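Worksheet for the structure shown next.
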Protein chains: 2
Amino acid sequence: MRSTAFGAETILRSALEKSGQRYTEQRAAVFRYLRATDSHPTADEVFLNVRDDVPGISLATVYKSLETLVGCGLAAKLTYGDGSARYDGRTDDHHHVRCLACGSVSDLHSHVDAEEVHRLEASASNFRITGYRLELTGYCDTCDAHGLARTH
Amino acid sequence: MRSTAFGAETILRSALEKSGQRYTEQRAAVFRYLRATDSHPTADEVFLNVRDDVPGISLATVYKSLETLVGCGLAAKLTYGDGSARYDGRTDDHHHVRCLACGSVSDLHSHVDAEEVHRLEASASNFRITGYRLELTGYCDTCDAHGLARTH
DNA sequence: ATCCTTGCAAAGCATTTGCAGTCAC
DNA sequence: GTGACTGCAAATGCTTTGCAAGGAT
């Protein structure tokens with residue numbers, strides 16, 4: 001547990017240094033929380049949880065910290081049409097499944113075949129492709145069981 | 001030209017009737033504009049363009065019309081983190097390429113192999129999958145040439 | 001005649017920003 | 001000591017909503 005937290009601090013410090021930014025308690029707490037969860041929280045959810053570690057932190061600072069982490073490549077921002085953006089502390093190559101009823105997001109531990117991606121990239125003339133994003137949509141078991149699928 | 005416009009009207013009328021909604025000049029103009037462009041416009045862009053056809057139309061009505069079309073399955077809403085949502089009048093199965101510098105969106109006329117998609121769906125236990133969405137990101141030739149890639 | 005839709009203006013909500021005080025380096 | 005960061009509150013920008021007048025069936 002301690003080694004994990006320490007590892008996270010080291011990662012954050014070096015990422016921040018590279019861009020002339022400073023290590024702060026607030027950024028560290030946001031980073032720690034993001035890494036410890038797989039719930040893809042919204043900024044507000046991060047705010048509520050991080051308060052336990054840093055009582056006086058403001059929502060604006062959480063937004064700024066999240067943006068900083070995304071800028072450093074230590075987190076990813078997921079945006080869907082509904083409500084607020086969600087943040088992902090996992091930086092390895094993976095995709096997501098999203099529930100159309102409750103909005104929850106889960107990780108998908110399977111990739112698209114690299115050759116398949118290349119084929120798609122080749123079809124995008126006029127663009128220099130730097131990345132891609134794939135998302136499955138459907139209904140999670142909980143919502144499906146409650147018949148919420150029909151109402152959305 | 002006339003036959004296309006007439007076809008669009010018929011499509012819209014029947015789609016609206018199915019859900020007890022009414023055919024109006026405003027909805028028709030929004031639908032016509034969306035079908036005629038491949039620029040994936042924002043609500044505001046639709047508003048500015050549709051004004052030529054329906055001078056007194058309001059932005060709120062454009063939003064409502066777009067939502068109605070999406071509800072009928074006659075358009076799709078594309079949301080990214082930056083600024084406003086974009087709308088797509090094409091309802092056939094296709095994907096998009098988005099420029100990270102200027103935000104423009106283009107159609108991608110190539111699909112992921114069906115078997116590949118099935119494999120991914122199978123890895124999403126706890127979900128009943130109903131669809132998927134793929135998006136390539138990168139820089140369009142214009143932004144790339146102007147060196148805008150670096151600043152974003 | 002019914003009840004859906006429009007246009008307007010106001011409200012709502014997520015996110016960003018300006019700035020004075022504070023902190024990291 | 002310098003310049004970056006925080007917290008607060010106000011501002012912003014996109015989108016939605018309430019409502020009276022108008023329009024489609």
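Lettering of chains follows the sequences in order, A, B, ..., and the numbering in each one begins at 1. Quick caveat: nothing in here was measured; it's all calculated off a predicted structure.
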Starting from [atom2] on [N], measure out to [atom1] on [X] and report it in whole angstrom.
| X | N | atom1 | atom2 | value |
| --- | --- | --- | --- | --- |
| B/Phe47 | D/dG13 | CZ | P | 17 Å |
| A/Arg51 | D/dC8 | CZ | P | 10 Å |
| B/Asp82 | D/dT15 | CG | P | 11 Å |
| A/Gln26 | D/dA4 | CD | P | 17 Å |
| A/Arg86 | C/dA14 | CZ | P | 12 Å |
| B/Arg27 | D/dG23 | CZ | P | 15 Å |
| A/Glu45 | C/dA14 | CD | C1' | 13 Å |
| B/Leu59 | D/dC14 | CG | C1' | 9 Å |

query = Does the side chain of B/Tyr63 get closer than 4.0 angstrom to OP1 or OP2 of D/dT15 through an N or O atom?
reply =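 For D/dT15, OP1 or OP2 has a side-chain N or O of B/Tyr63 closer than 4.0 Å.
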query = For the residue pair B/His109 and B/His95, is the inter-centroid distance of their aromatic rings smaller than 6.0 Å?
reply =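 No.
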inquiry  = If you define the side chain from C-beta out and look only at heavy atoms, does anything of B/Lys77 sit under 4.5 Å from B/Glu67?
reply    =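 In contact.
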key: Minimum side-chain heavy-atom gap A/Glu17-A/Arg22 below 4.5 Å   = no
Tell me which nucleotide among [options] gets nearest to the side chain of [X].
| X | options | value |
| --- | --- | --- |
| A/Lys64 | C/dT6, C/dT15, D/dT6 | D/dT6 |
| B/Ser58 | D/dT15, C/dG7, C/dT5 | C/dG7 |
| B/Lys77 | C/dA14, D/dT16, C/dG7 | D/dT16 |

inquiry  = Quick check with a 6.0 Å cut-off and a 45 degree axis cone: is A/Arg128 positioned over the face of B/Tyr139's six-membered ring?
reply    = no
message = Does A/Arg86 qualify as a cation-pi partner of A/Tyr80, given the criterion of NZ or CZ under 6.0 Å from the six-membered ring centre and within 45 degrees of its axis?
response =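 Cation-pi check for A/Arg86 and A/Tyr80: fails.
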task = Name the nucleic acid region contacted by B/Ser84, choosing base, sugar-phosphate or nothing; use a 4.0 angstrom heavy-atom cut-off, strictly under.
result = sugar-phosphate
key: Modelled atom types, side-chain donor and acceptor of A/Thr61 and A/Ser58, under 3.5 Å   = yes
Rounded distance [0.5 Å steps], CG in A/Asn49 versus CG in A/Asp44 =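 Taking CG in A/Asn49 and CG in A/Asp44, the distance rounds to 10.0 Å.
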key: Closest-nucleotide 5' rank along DNA chain C - winner of B/Gly20 and B/Val54   = B/Gly20
inquiry  = Out of the candidates A/Glu116, A/Glu115, A/Glu121, only one should pair with A/Arg119 under the side chain to side chain donor-acceptor pair (under 3.5 Å) rule; please name it.
reply    = A/Glu116
query = How does the hydrophobic cluster around B/Val97 look, that is, which other residues are in it when side-chain heavy atoms under 4.5 Å mark a link?
reply = A/Val97, A/Leu108, A/Val112, A/Val117, A/Leu120, A/Phe127, A/Ile129, A/Tyr132, A/Leu134, A/Leu136, B/Leu108, B/Val112, B/Val117, B/Leu120, B/Phe127, B/Ile129, B/Tyr132, B/Leu134, B/Leu136
task = Specify the angle, to 10°, made by the local axes at the two ends of the helix from C/dA1-D/dT25 to C/dC25-D/dG1 when five pairs are taken at each end.
result = 40°
remark   = Contact string for nucleotides 20-25 of chain C, one letter per nucleotide 5' to 3', B = base within protein heavy-atom range under 4.0 Å, S = sugar-phosphate only, - = neither, reads ----BS
task = May I ask you to decide if B/Asp93's main-chain N or O and B/His111's side chain share a donor-acceptor pair within less than 3.5 Å?
result =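 Yes: the side chain of B/His111 pairs with the backbone of B/Asp93.
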task = Specify the residue among B/Ala60 and B/Glu17 whose closest nucleotide of DNA chain D lies further upstream toward the 5′ end.
result = B/Ala60
